[in-house]
Amino acid sequence: MSAAAKERLVSLAVFAALAGLWQIMSRVYVVEAQPGEPMIPGWQILFTRTFLSLADYWGGGFGVPTVADGAARTYLAATLSLLSHLAFTLARLCVALALGGGAGFALGLAVSWSRFTRALVEWPVHFLRALPLLAMVPLFQLWFGATFLGQSLFAAYGIGVIVFAATVNAVRNVPQIYIDNARLFGASRFALYRDVILPAILPAMRSAALLCLAAGWSAVLGAEYLGAQTGLGYVIVYAQQFAYLDRMFLVALVLIVCTSASFRLAQTLFARWLVWAPPSMRA
Amino acid sequence: MTSQRMIEFVHVRREYRRADGAHVTAVDDVSLIVPEGEFVCLIGPSGCGKSTLLQLLAGLDAPTSGSIVLKAKEIEGPGPERGMVFQRDSVFPWMRVIDNVEYGLKCRGVRAPERRRIARDYLARVGLTHVEGAWPRELSGGMLKRVAIAAVFANGGEVLLLDEPFGALDYVTRRQLHDVLLALWDTPGATRRTVLFVTHDVDEALTLADRIVVMHSGRIADDIPIAAMRPRNDDTLATPEIIAIKHKLLAHLGLQTKGAHA
Ligand SMILES: Nc1ncnc2c1ncn2[C@@H]1O[C@H](COP(=O)(O)OP(=O)(O)O)[C@@H](O)[C@H]1O
Ligand SMILES: [Mg+2]
């Protein structure tokens, strides 16, 4: 058996063991948070009753009636409910990554682009960086209320700060010899950034991207806790109000799967962009 | 010889201010004329200002006073008529070998098929046709130097600056690269490029140079023409005149030598 296959087998065994442990714990520790709501819901509950109960959060559409309108819980409604809230969360995350990542990256490059652009962005951005993200929560709430834009901008802010700092630092660490070489070959400033600076900072930006992806998920869920009517964060908070432990746990599981998938996606993308780099820079 | 003057250093001086506030004169009143097509080796002890002089000529740095004139025009920054090979690897790791060789031509707007043709030609001349699609990380140190040399020659600069390009290579590789470099420089039917080659290796200088300029503490300490026949080999470099020059150079570098002085 190959080393990779062995590793896979070990991971799978650990996964199965954890799932089994959870099931055993649900049998051993039978305390209930409230009547009918075990503290540790077993899998037989999670994948039946709990999953079905997600239909409660279905907002309607596609000819599938809502529970609020008196319809019975169905697996179809539950699935649609889960997917729709996931879609809202993902939409916020993508908008935040695009806005925050784009702005942080552009401003970060502006610091080294020219004296003028440096003077322009350096002060305001350092000021923004010094403000802790969580301190901005009340401000964002007052400015934007519980709107999609406000939640996305809040997460974008958290992401942008990370990307900005990483970009400035990465550009500063580009070996001078590559810059000199490009200038000697007659590269314009634009060509220098496109052909030398951008590829040279890519390995450093890879770790920054993974960092801001984690921060992005946290910030989006945090924003959804604060009064959103859609998204997985909303489902968790709503479930918490009624001590529906099993629903919170199920949504958390879905989140783990999604964040892992997003990390895998980012890693795959960067691995493709970094084919030229030695393996130590790609992993 | 009716050679045109290619490079002229006119009372060039470059001072640096170190972090502790002290002034260092890296290049101190250097005046030097290099005719077109000449292969000049700059030799001297470490810290005597060789790299600084090359950086100034490359246009990566500016003199504190004095001027550097290239084909009757004062240098104000880097330009495509000058190419440089460094001691440290300057080949871009994120471009395939052929793209590295093409890069200068690309910057100057040469069309893709034309620059590919030129790049292939120079890759063949440095013996790297078989790795044109490889990533630089897959190449040895000597091969990377060949790529860098092919790239500056492909770019067509009339003046080539090499700053201890083979300093980090083993003896055999270094000797092979001397042949590669000389074959490119002395291509029949083509005009010779003007070369400034920094080294601290006396034998390397004697193998390559038309003229050896010795630097010491930022100044030119000696300027010695090397009349030996080309192509040179260990036998043509074993004449009494060359051996006398070798002793002189070693003395300039502060090394005690046994045997006769000229
Ligand atoms: N950027 C710099 N800042 C301060 N001092 C420098 C700088 N570059 C070179 N020097 C000094 O100038 C002198 C000549 O350096 P260099 O030209 O690199 O010598 P060489 O290449 O002959 O070894 C040295 O004393 C070095 O410390
Ligand atoms: Mg040097």
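Below, chains carry the letters A, B, ... as their sequence lines are ordered, and counting in each starts from 1. Values reported hereafter were calculated over all heavy atoms of this structure, with side chains retained and with hydrogens, waters and symmetry mates removed. Remember, predicted model here, so these are calculated numbers, not experimental data.
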Which atom pair, heavy atoms only, marks the closest approach of B:Lys106 to A:Asp195? NZ-OD1, 4.2 Å
What is the ring orientation for B:Tyr103 with A:Phe185, classed by angle as parallel under 30°, tilted 30 to 60°, or perpendicular over 60°? perpendicular
Would you say CZ of A:Phe88 has more than 12 non-hydrogen atoms from neighbouring residues, nucleotides or ligands within 6.0 angstrom? no
Heavy atoms from other residues, nucleotides or ligands near CD of B:Glu76 exceed 12 (cutoff 6.0 Å): no
So which heavy atom on B:Gly59 is nearest to which on A:Arg183, and how close? O-NH2, 4.2 Å
Apply the side-chain contact (heavy atoms from CB on, under 4.5 Å) test between B:Trp94 and each candidate in A:Val196, A:Leu198, A:Leu202; give the one that qualifies. A:Val196
Shortest non-hydrogen contact between A:Ala187 and B:Cys107, atoms and distance: CA-SG, 3.5 Å
Residue A:Ala277 versus chain B: region with a heavy atom under 4.5 Å: backbone
From CZ (B:Arg88) to CG (A:Asn181), nearest 0.5 Å: 11.0 Å
Top contributor to chain A contacts, counting heavy-atom pairs under 4.5 Å, from B:Leu60, B:Asn155, B:Leu161: B:Leu60
What are the two closest non-hydrogen atoms of A:Tyr178 and B:Asp89, and how far apart are they? CE2-O, 4.0 Å
Between B:Gly79, B:Gly83, B:Pro80, B:Pro93, which shows the greatest number of heavy-atom pairs under 4.5 Å with chain A? B:Pro93
Does atom CZ of A:Arg8 have more than 12 heavy-atom neighbours, drawn from other residues, nucleotides or ligands, at distances under 6.0 Å? no
For the side chain of B:Arg108 and the backbone of A:Gly186, is there at least one donor-acceptor N/O pair under 3.5 Å apart? no
Nearest heavy atoms of A:Ile177 and B:Ser90, plus distance in Å: CG1-CB, 3.9 Å
Considering only heavy atoms, which portion of B:Val85 lies under 4.5 Å from any heavy atom of chain A: side chain, backbone, both, or neither? neither
Does any heavy atom of chain A fall under 4.5 Å from the side chain of B:Ala148, the backbone, both, or neither of them? neither
